[in-house]
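Below, each value reflects all heavy atoms present in this structure, side chains not excepted, and no hydrogens, waters or symmetry copies. Throughout, residue positions are numbered sequentially from 1 according to the sequence presented.
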Amino acid sequence: ESEQTAQSLHDLGLYYDWAGDLKAADSLYEKSVNMFRKVLQEPTKGFAVALNDYAITKMNFGQNDIAEKLYTEAIDIALLKYGEKNRNTAVFMNNIALNYLDSGKPDEAEKYFKSLSKHQERQIVTSIIKDKEFLDSVNHNPSVFSTDIKVKNAADQMSDLIKFIFEDCK
């Protein structure tokens, strides 16, 4: 057991996640997070990312309470390691806000959305716009159009925010 093994488990989880096998990804993310907890003297950026990815699978399985705890831990580490004006911190905050929306807690979601500074919003949007491969993959990915209804509902709720962010960046 080592940090490298924990990272490798996380990376393998990413592979299964992208391949659409969420059960396998969830299991690997869980093993990765548990190993990170066991071997790290202090939290790392890689651990924060692993927590976030594990939280996403928990949210996809409707386990929003578990996802909330994982996102909160990832945000705490990100604030410590990256600072508040970092893309990963903003992504983690956005993800917990989506989790709150999915859990029927719009007031909690709003707190996180409001905490995202204009700088963070612009940084996220700019990195997405520059990543043509990512945009093309989303645009041509059939799984985007066959997602769980909870994900579709969250995406619908986010559309106004996304439009606002893109308009603000023009």
Side-chain angles (χ1 to χ4, degrees), residues 1-103 105 108-109 111-113 115-117 119-121 123-128 130-131 133-135 137-138 141 143-144 147-148 150-152 154-155 158 162:
E1 294 185 346
S2 68
E3 183 176 352
Q4 292 79 12
T5 303
Q7 186 62 53
S8 295
L9 288 168
H10 172 257
D11 293 345
L12 189 56
L14 287 173
Y15 169 78
Y16 280 101
D17 200 344
W18 280 99
D21 189 345
L22 293 182
K23 279 189 172 185
D26 182 67
S27 175
L28 287 161
Y29 289 149
E30 180 180 23
K31 289 175 184 173
S32 170
V33 164
N34 288 338
M35 190 175 295
F36 271 124
R37 282 194 174 112
K38 191 174 184 179
V39 300
L40 292 176
Q41 297 296 319
E42 65 177 61
T44 64
K45 295 175 182 179
F47 180 43
V49 171
L51 287 163
N52 179 71
D53 292 344
Y54 185 31
I56 291 170
T57 62
K58 289 303 181 191
M59 188 174 152
N60 286 333
F61 287 125
Q63 297 172 329
N64 297 72
D65 291 342
I66 295 170
E68 178 183 344
K69 291 174 186 170
L70 293 165
Y71 284 133
T72 300
E73 189 175 355
I75 290 167
D76 290 344
I77 295 168
L79 287 169
L80 178 70
K81 296 293 182 179
Y82 298 116
E84 79 177 36
K85 291 188 177 185
N86 179 273
R87 178 184 181 274
N88 281 349
T89 304
V91 167
F92 300 165
M93 288 180 158
N94 184 68
N95 288 348
I96 198 170
L98 291 172
N99 187 64
Y100 281 128
L101 282 177
D102 192 49
S103 301
K105 301 175 183 175
E108 290 296 317
K111 290 176 194 174
Y112 281 93
F113 287 136
S115 71
L116 294 172
S117 69
H119 171 77
Q120 289 170 316
E121 292 169 0
Q123 200 173 20
I124 292 169
V125 172
T126 301
S127 67
I128 290 171
K130 287 181 180 178
D131 192 347
E133 184 178 314
F134 169 75
L135 292 173
S137 71
V138 170
N141 186 344
S143 67
V144 169
T147 57
D148 180 82
K150 285 183 173 184
V151 175
K152 287 180 182 176
M158 290 299 302
I162 292 167

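- Listed for the Ser27 side chain is no donor-acceptor partner under 3.5 Å among the backbone atoms of Ala24.
- Of all the heavy atoms in Ala74 and Phe92, the pair that sits closest is O-CD1, 3.7 Å.
- Between atom CG of residue Asp53 and atom CG of residue Leu28 there is a gap of 12.0 Å, rounded to the nearest 0.5 Å.
- Gly13 approaches Ala25 most closely through the heavy-atom pair O-CB, 3.4 Å.
- Gln7 is listed as a side-chain neighbour of Phe36, based on a closest heavy-atom distance under 4.5 Å.
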- Output, in order, the C-alpha distance, side-chain angles, deciding distance and verdict of side chain to side chain contact (heavy atoms under 4.5 Å, CB included) for Lys23 and Tyr16. CA-CA 9 Å; Lys23 279 189 172 185; Tyr16 280 101; over 6 Å; no

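- Side-chain contact annotation: Asn64 with Glu68, donor-acceptor N/O pair under 3.5 Å absent.
- Looking at Thr5, its side chain never comes within 3.5 Å of a backbone N or O of Glu1 through a donor-acceptor pair.
- A 4.5 Å side-chain heavy-atom check between Glu73 and Ile77 finds at least one atom pair inside the cut-off.
- Looking at Asp17 and Tyr29, their side chains come closer than 4.5 Å, going by heavy atoms from C-beta outward.
- Across all their heavy atoms, Ala67 and Met59 have their closest contact at CB-N, 3.9 Å.
- Heavy-atom neighbours of Tyr82 OH from other residues, nucleotides or ligands within 6.0 Å: above the threshold of 12.
- With contacts defined as side-chain heavy-atom distances shorter than 4.5 Å, the pair Gln4/Val39 does not qualify.
- A donor-acceptor pair under 3.5 Å is formed between the side chain of Thr89 and the backbone N or O of Gly83.
- Annotation for Ser32 and Ala50: closest pair OG-CB, 4.1 Å, computed over non-hydrogen atoms.
- In this structure, CD on Glu30 lies 9.0 Å from OG1 on Thr57, to the nearest 0.5 angstrom.
- We find the CG-CG distance between Asn95 and Asp102 to be 12.0 Å, quoted to the nearest 0.5 Å.
- Within the 4.5 Å cutoff, no side-chain heavy atoms of Lys38 are placed close to those of Asn34.
- Put simply, CD on Gln63 and CG on Asp26 are 7.0 Å apart, with the number rounded to the nearest 0.5 Å.
- When atom types are taken as modelled, the side chain of Lys81 and the backbone of Pro43 share a donor-acceptor pair closer than 3.5 angstrom.
- Residues Asn52 and Tyr71 are in side-chain contact: their nearest non-hydrogen atoms beyond the backbone lie under 4.5 Å apart.
- No side-chain heavy atom of Phe47 sits under 4.5 Å from any side-chain heavy atom of Glu3.
- Of all heavy-atom pairs spanning Ile75 and Met93, the tightest one is CD1-CA, 3.9 Å.
- The shortest side-chain heavy-atom distance between Val49 and His10 falls under the 4.5 Å cut-off.
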